[in-house]
Amino acid sequence: MPYDSFKHHRRSIRLKGYDYSQSGAYFVTICTQNRECVFGEITNNKMVLTHLGDLVSKWWLDIPNHFPTVRIDEWIVMPNHLHGIIIIETDRRGEVPSPSPSPKLGNVIAYFKYQSTKEINQKRNVSGMRFWQRNYYEHIIRDDNDLNRIRKYIENNPSNWDIDDNYPTSAKQEDSHDQ
């Protein structure tokens, strides 16, 4: 099939002209391929992780070790996605506080996805299998009110799982039949 630039053009969901390596806080959501629920389940409004959920947590927490100018704020692994706040820091003059350059948000997410996928595929004894959905959702956190609202959203996500946009459609259909 020949390449059709109109049909095959992927539109960026990033804010046009925004420098994603500048100092700031970013709320991200990263979903599994086909929104497969492999990280655990919600029990009594708490997330109970599987070994894959633990593995994803490990790589999420590793991000600041690989990127010294990045901090992890509130985050949670859900059955088929991860919500997290990533903070990219620079000093007051806009310079990176360490010898390493400030990464773009996309580089941080790419590192996390690559490392976690590589280990997940090793554990599953497969190679080259896609684990994460292409791309990710992000929101630039504008101020403290926005930050606190998102922190609360992340904290309450397990208790709101059955109304979450990432809740599996098949489970929603089963829930509606139970009523």
Side-chain angles (χ1 to χ4, degrees), residues 13-14 20 24-89 103-141 146-176 178:
I13 58 174
R14 305 292 156 245
Y20 283 92
Y26 305 91
F27 172 51
V28 298
T29 300
I30 309 167
C31 298
T32 58
Q33 186 71 17
N34 301 317
R35 304 246 166 92
E36 184 182 0
C37 292
V38 294
F39 296 142
E41 60 184 42
I42 306 297
T43 304
N44 298 322
N45 293 327
K46 300 279 185 222
M47 181 62 191
V48 179
L49 297 175
T50 63
H51 67 285
L52 293 181
D54 287 334
L55 191 147
V56 165
S57 297
K58 175 186 99 169
W59 285 108
W60 185 254
L61 291 171
D62 184 66
I63 289 172
N65 296 329
H66 190 75
F67 298 102
T69 60
V70 174
R71 281 191 310 117
I72 301 299
D73 196 280
E74 190 78 29
W75 62 281
I76 190 164
V77 175
M78 293 293 288
N80 61 4
H81 65 283
L82 177 143
H83 287 305
I85 298 172
I86 292 176
I87 300 173
I88 297 176
E89 299 177 318
K104 290 186 177 178
L105 180 62
N107 299 117
V108 174
I109 302 302
Y111 169 80
F112 165 74
K113 283 178 151 184
Y114 174 78
Q115 295 298 339
S116 59
T117 297
K118 185 171 72 170
E119 190 168 345
I120 287 167
N121 283 342
Q122 286 172 344
K123 299 280 185 207
R124 289 179 157 182
N125 204 24
V126 297
S127 64
M129 287 277 299
R130 202 171 175 167
F131 184 75
W132 295 104
Q133 177 178 296
R134 183 188 174 276
N135 226 323
Y136 58 95
Y137 303 97
E138 59 76 21
H139 167 79
I140 302 163
I141 299 174
D146 200 19
L147 177 62
N148 291 328
R149 178 186 59 78
I150 292 166
R151 283 176 174 154
K152 194 59 119 177
Y153 173 82
I154 292 170
E155 180 184 322
N156 292 327
N157 208 239
S159 58
N160 294 319
W161 174 233
D162 59 341
I163 59 170
D164 191 289
D165 287 342
N166 294 305
Y167 189 76
T169 305
S170 59
K172 282 183 182 176
Q173 291 168 347
E174 288 172 19
D175 289 348
S176 69
D178 292 340

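Everything numeric here is computed off the predicted structure, so don't read it as measured data.
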Residue pair H81 / D164, side-chain heavy-atom distance below 4.5 Å: yes

Y153 atom OH: more than 12 heavy-atom contacts under 6.0 Å: yes

Heavy-atom closest pair, residues R130 and R134: NH2-CB, 2.8 Å

Stepwise side-chain contact (heavy atoms from CB on, under 4.5 Å) test for D62 and Q115: CA-CA 10 Å; D62 184 66; Q115 295 298 339; 5.7 Å; no

4.5 Å side-chain heavy-atom contact, K113 and I30: yes

Closest contact, heavy atoms only, M47 versus I42: SD-CD1, 3.6 Å

Separation of Y136 OH from Y26 OH (nearest 0.5 Å): 9.5 Å

Check: I154 and F27 side chains under 4.5 Å, non-hydrogen atoms: yes

Gap separating the OG1 atom of T117 from the CZ atom of F131, nearest 0.5 angstrom: 7.0 Å

Minimum side-chain heavy-atom gap R149-K152 below 4.5 Å: no

Distance, nearest 0.5 Å, that separates CG of N160 from CG of D165: 11.5 Å

Closest non-hydrogen atom pair between N45 and S159, with its separation: OD1-CA, 3.5 Å

Main-chain N/O of N166 paired with N80 side-chain donor or acceptor, under 3.5 Å: yes

Any side-chain heavy-atom pair of I72 and I85 under 4.5 Å: no

Flag side-chain contact, heavy atom, 4.5 Å: I141 against I87: no

Listed once per pair and sorted, the salt bridge (charged side-chain N to carboxylate O under 4.0 Å, His left out) pairs that draw on residues 63-83, sequence neighbours left out: R71-E89, D73-R151

Within 6.0 angstrom of N44 CG, more than 12 heavy atoms from elsewhere: no

Residue list, side chain to side chain donor-acceptor pair (under 3.5 Å) with S116, at least two apart or on another chain: W132

Nearest heavy-atom neighbours spanning P168 and C37: CG-SG, 3.5 Å

Nearest heavy-atom neighbours spanning P64 and L61: CD-O, 3.3 Å

If you look only at distance, which donor and acceptor atoms sit under 3.5 Å apart when one is on a side chain in residues 48-60 and the other is two or more places apart or in another chain?
from	atom 1	to	atom 2	distance (Å)
T50	OG1	V38	O	2.7
T50	OG1	F39	O	3.4
T50	OG1	L52	N	3.3
T50	OG1	G53	N	3.2
S57	OG	G53	O	3.0
K58	NZ	E119	OE1	2.6
K58	NZ	E119	OE2	3.3
W59	NE1	E119	OE1	2.7

